[in-house]
Amino acid sequence: MNSRYFHVAAATLLLVLPLGEALAVTSTRLKGTIDKGYGAIDLLQAGVQSRNLTMAQLEAFRRDNGSKLAFAVDVNEAADGLEKSASQGVAIEYARVEVTTAAGVVKFEQFSSQTQSSVARAGQTTRSLWYTLIGDAGSRQITGSTSDISGSSFDATIRIPVSIDLSTASAARLIVKFLDTNEKLGDPESFYDYSNGFEDVAIVTAGDATYLDQLAPGREEAPLVLAAPGTTSPNSRLYYPSSDQFYIAAYEDQFPSRGDYDFNDLVVAYRVYYELDSSGNAVSIGGEGYLVARGGGFDSDWHLRMALPATAAGTGSVTVFAPDQLTPIAGFPRNVNFSGAADLEIFTSVATLWRDGSNAFVNTLRDQVLIPGHRFTFQLNLSTPLPQGQLPAAPFDPYLFVYNSSYEIHLPGKSPVLGSSRNTRDGRTRFTDAAGYPFALVLPHDWRAPVEYIDVGLAYPDLIGFIGGDAAKQDWYLRPAADRTKATSPTVWKW
Amino acid sequence: MRHVPSPTAARLAVVPTIAALLLAGCGGGGGGSSASTPAPAATTAATPAPSGSSTALKDNTASASADFSNFASGKVSVPVESVAFVGSRRFVKVARDDGAVLFLGEVAPGMPFTITVDAPRGQRRFDYEIFSESAADAIVRGEVTL
């Protein structure tokens with residue numbers, strides 16, 4: 001994961017113009033914005049009047065960027081659908097710089113950004129390549145800089161070649177139009193649409209532009225990201241269960257004793273994707289998830305184990321974020337090295353990590369106001385690509401290690417894996433109870449956790465029929481008894 | 001798709017049991033104290049059809065063959081090789097019939113593309129799109145039913 005902290009040694013550049021005039025060039029937020037997908041931005045007017053620019057300074061920016069002007073955009077889209085605070089995107093229909101000279105207005109209409117995608121514009125059902133801008137809602141601290149983008153949330157860059165000396169021109173402006181995509185097609189159009197929110201724009205130094213390009217905020221989670229031409233970055237993703245949904249892992253933590261069957265002792269949402277190369281082999285594995293509810297008095301760690309073959313190896317990282325924060329909690333990102341299966345201990349000591357004031361439980365008591373939980377992401381890079389047939393099968397192995405009992409709790413059919421647990425020593429290697437019920441369930445993300453102490457069979461009257469083999473009850477989780485479940489829907493826990 | 005449920009093949013029979021009622025107070029979300037009572041051996045005998053009115057798990061037992069999986073897996077093949085496009089790149093999107101995207105990306109042209117999908121039970125239809133980087137190529141759509 002890229003660090004959000006960056007030192008720009010030369011955020012302010014001293015450039016010497018032909019006349020011997022030395023100009024300080026500092027990345028500067030502009031007054032104009034992109035509003036409702038369109039912006040006509042005066043390049044001389046800064047967001048703060050005292051920072052207004054001159055044509056000589058624009059020329060210094062142009063020289064600094066190798067005869068181009070570089071702009072940073074704060075992608076600011078509505079966090080709905082696939083778009084969220086951690087990943088947002090737009091496609092660019094056109095961008096140009098217009099320079100007013102003594103001979104008239106000169107337009108520079110060639111532009112580029114760091115990413116592309118194949119999307120259809122509104123009203124069309126054919127897709128083609130468009131440059132895109134991807135970002136997140138996080139802020140970036142550029143230490144030691146007095147730049148306007150220090151501490152801002154600028155995300156992605158646009159570069160426009162400008163072949164004339166700007167110092168003798170009288171005016172310049174940036175024209176940007178975002179692509180109105182055909183959202184009826186779903187993704188990728190839904191992700192790369194634009195909302196009415198305005199986007200800030202800054203003119204930036206080469207150093208700051210490179211910094212943002214390397215940071216690539218939001219890019220890991222954006223769909224169909226096609227890297228700039230000439231690169232070979234993987235651009236295919238296979239999602240489990242899907243790009244915008246999650247598995248819900250729900251546990252009874254009293255193993256091997258039978259619990260109260262409310263299946264809310266710990267509830268975690270997670271999803272996984274495989275990133276494939278052009279041959280269809282996996283080159284990396286990623287995922288994310290959230291704590292949804294904690295209704296158990298026991299303390300435990302939550303693991304997600306990816307049962308890779310013994311020949312697999314690689315490195316990666318796990319990051320845990322505090323609720324509603326894009327900044328990792330202490331100790332994260334944590335590096336991961338794996339050989340064979342990758343057993344990711346993601347949430348450690350959940351009862352300590354996630355609390356709701358003085359309440360013993362989180363998001364399970366009947367009158368308890370729901371609060372957001374921690375979020376995690378992980379990325380595992382395989383040293384050698386793996387054929388799809390060797391990849392772990394969904395829904396993988398989400399399991400608990402319970403401190404109070406020293407037992408692991410897995411889905412039925414899985415086996416204990418930790419040498420430190422009691423399972424194997426005590427012969428507790430089957431994860432069903434005396435009545436034949438499991439201690440862990442994986443559910444679709446529509447599922448809502450039962451209120452504390454409410455048997456899941458009472459919370460979902462059709463569950464018992466599903467378990468009994470009634471095919472008409474396969475969607476039992478869509479019919480909760482409202483007064484027996486908490487409203488732990490994705491709109492509540494996904495932030 | 002494996003694990004396709006059969007309407008007539010009951011995988012579980014549920015019966016109210018006195019034993020279950022006696023055990024209902026064990027552990028669970030309350031407390032916080034360690035409950036270390038060993039569990040009896042798992043029920044393996046065939047069980048009759050539901051007879052009680054309670055839908056609570058604690059009032060019923062599951063058969064040894066009960067399957068609690070709410071998802072089922074299957075393979076979806078997309079005939080990329082059968083498409084003639086002006087553009088040189090091939091992109092594929094596979095989605096469930098409710099629109100949830102399962103795969104989106106660039107694939108090798110000239111050969112079928114197959115993925116393993118994992119979807120909520122009952123979702124058997126999967127839609128695919130094949131497209132290119134060229135606006136001259138109409139999106140090719142199809143569906144696969146497992």
Side-chain angles (χ1 to χ4, degrees), chain A residues 118 125-129 186-188 223-224 235-245 254 256-262 264-265 276 278-279 295-298 393-395 404-405 412 432-438 441-444 452-453 455-458 461 464 467-469 471 474-475, chain B residues 5 7 9-14 20 23 26-32 34-43 50 55-58 60-64 66 68 70-71 73 91 95-96 99-108 113 115-116 118-122 131 133-135 137-139:
Chain A
S118 186
T125 56
T126 58
R127 295 187 171 109
S128 55
L129 292 183
D187 285 317
L224 198 59
N235 48 36
S236 298
R237 284 190 177 174
L238 179 55
Y239 299 95
Y240 294 99
S242 74
S243 64
D244 66 343
Q245 295 185 8
Q254 299 291 306
S257 300
R258 190 167 113 170
D260 57 9
Y261 291 138
D262 59 9
N264 68 11
D265 294 352
L276 309 182
S278 57
S279 301
F298 283 0
N404 308 63
S405 63
T432 49
D433 67 15
Y437 294 112
L441 289 170
V442 170
L443 305 138
E452 195 64 49
Y453 309 124
D455 186 305
V456 67
L458 297 176
I464 207 72
I467 295 173
Q474 289 182 121
D475 57 354
Chain B
R11 289 165 288 129
L12 168 79
V14 286
L23 289 168
C26 288
S34 175
S36 57
T37 306
T43 301
T55 61
L57 300 194
K58 68 180 178 60
N60 298 277
T61 54
S63 74
F68 301 92
N70 291 285
F71 288 82
S73 296
F91 302 103
R96 299 197 313 238
V101 175
L102 310 180
F103 175 83
L104 181 57
E106 186 168 11
V107 302
F113 178 71
I115 57 171
T116 299
D118 192 51
R121 286 193 157 177
F131 53 103
E133 81 282 13
S134 171
D137 294 322
I139 299 171

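Letters A, B, ... are given to chains in the order of the sequence lines, protein chains preceding strands, and every chain is numbered from 1.
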Checklist entry - Between Thr116(B) and chain A, which part of the residue has a heavy atom less than 4.5 Å away: side chain, backbone, both or neither? => result both
Next on the checklist: If you define the side chain from C-beta out and look only at heavy atoms, does anything of Ser242(A) sit under 4.5 Å from Leu102(B)?
Outcome noted: yes
Checklist entry - Given that the side chain runs from C-beta out, which part of Leu129(A) has a heavy atom under 4.5 Å from chain B: side chain, backbone, both or neither? => result both
Checklist outcome for this item: Of all heavy-atom pairs linking Leu224(A) and Glu106(B), the shortest is CD1-N, 4.4 Å
Checklist outcome for this item: Scanning both residues in full, the closest heavy-atom pair of Tyr240(A) with Asp118(B) reads CD2-CB, 3.8 Å
Checklist outcome for this item: On a heavy-atom basis, the closest approach of Phe68(B) and Leu441(A) is CB-CD2, 3.8 Å
Item to check | Nearest-0.5 Å distance that lies between atom NZ in Lys58(B) and atom CG in Asp433(A) | outcome: 13.5 Å
Item to check | Thr126(A) side chain reached by Asp137(B) side chain, heavy atoms, under 4.5 Å | outcome: no
Next on the checklist: How close do Phe71(B) and Leu443(A) get, counting heavy atoms only, and between which atoms?
Outcome noted: CE1-C, 3.6 Å
Item to check | Nearest heavy atoms of Ala62(B) and Gly436(A), plus distance in Å | outcome: CB-O, 3.6 Å
Checklist entry - Taking C-beta and beyond as the side chain, do Leu104(B) and Pro188(A) meet within less than 4.5 Å on heavy atoms? => result yes
Checklist entry - Under a 4.5 Å cut-off applied to non-hydrogen side-chain atoms, are Ile467(A) and Asn60(B) in contact? => result no
Checklist entry - Among all residues two or more places apart in sequence or in another chain, which pass the side chain to side chain donor-acceptor pair (under 3.5 Å) test with Ser118(A)? => result none
Checklist entry - Measuring heavy-atom distances to chain B, does Val442(A) have an atom under 4.5 Å in its side chain, in its backbone, in both, or in neither? => result both
Checklist entry - Are side-chain heavy atoms of Phe91(B) and Ser236(A) found at a separation under 4.5 Å? => result no
Checklist outcome for this item: Comparing Ser279(A), Gly186(A), Pro461(A) against chain B, the one with the most heavy-atom pairs below 4.5 Å turns out to be Pro461(A)
Item to check | Non-hydrogen atoms of Ala100(B) and Gln245(A) that approach each other most closely | outcome: CB-NE2, 3.9 Å
Item to check | Check: Asp455(A) side chain, Leu57(B) main-chain N or O, donor-acceptor pair, under 3.5 Å | outcome: yes
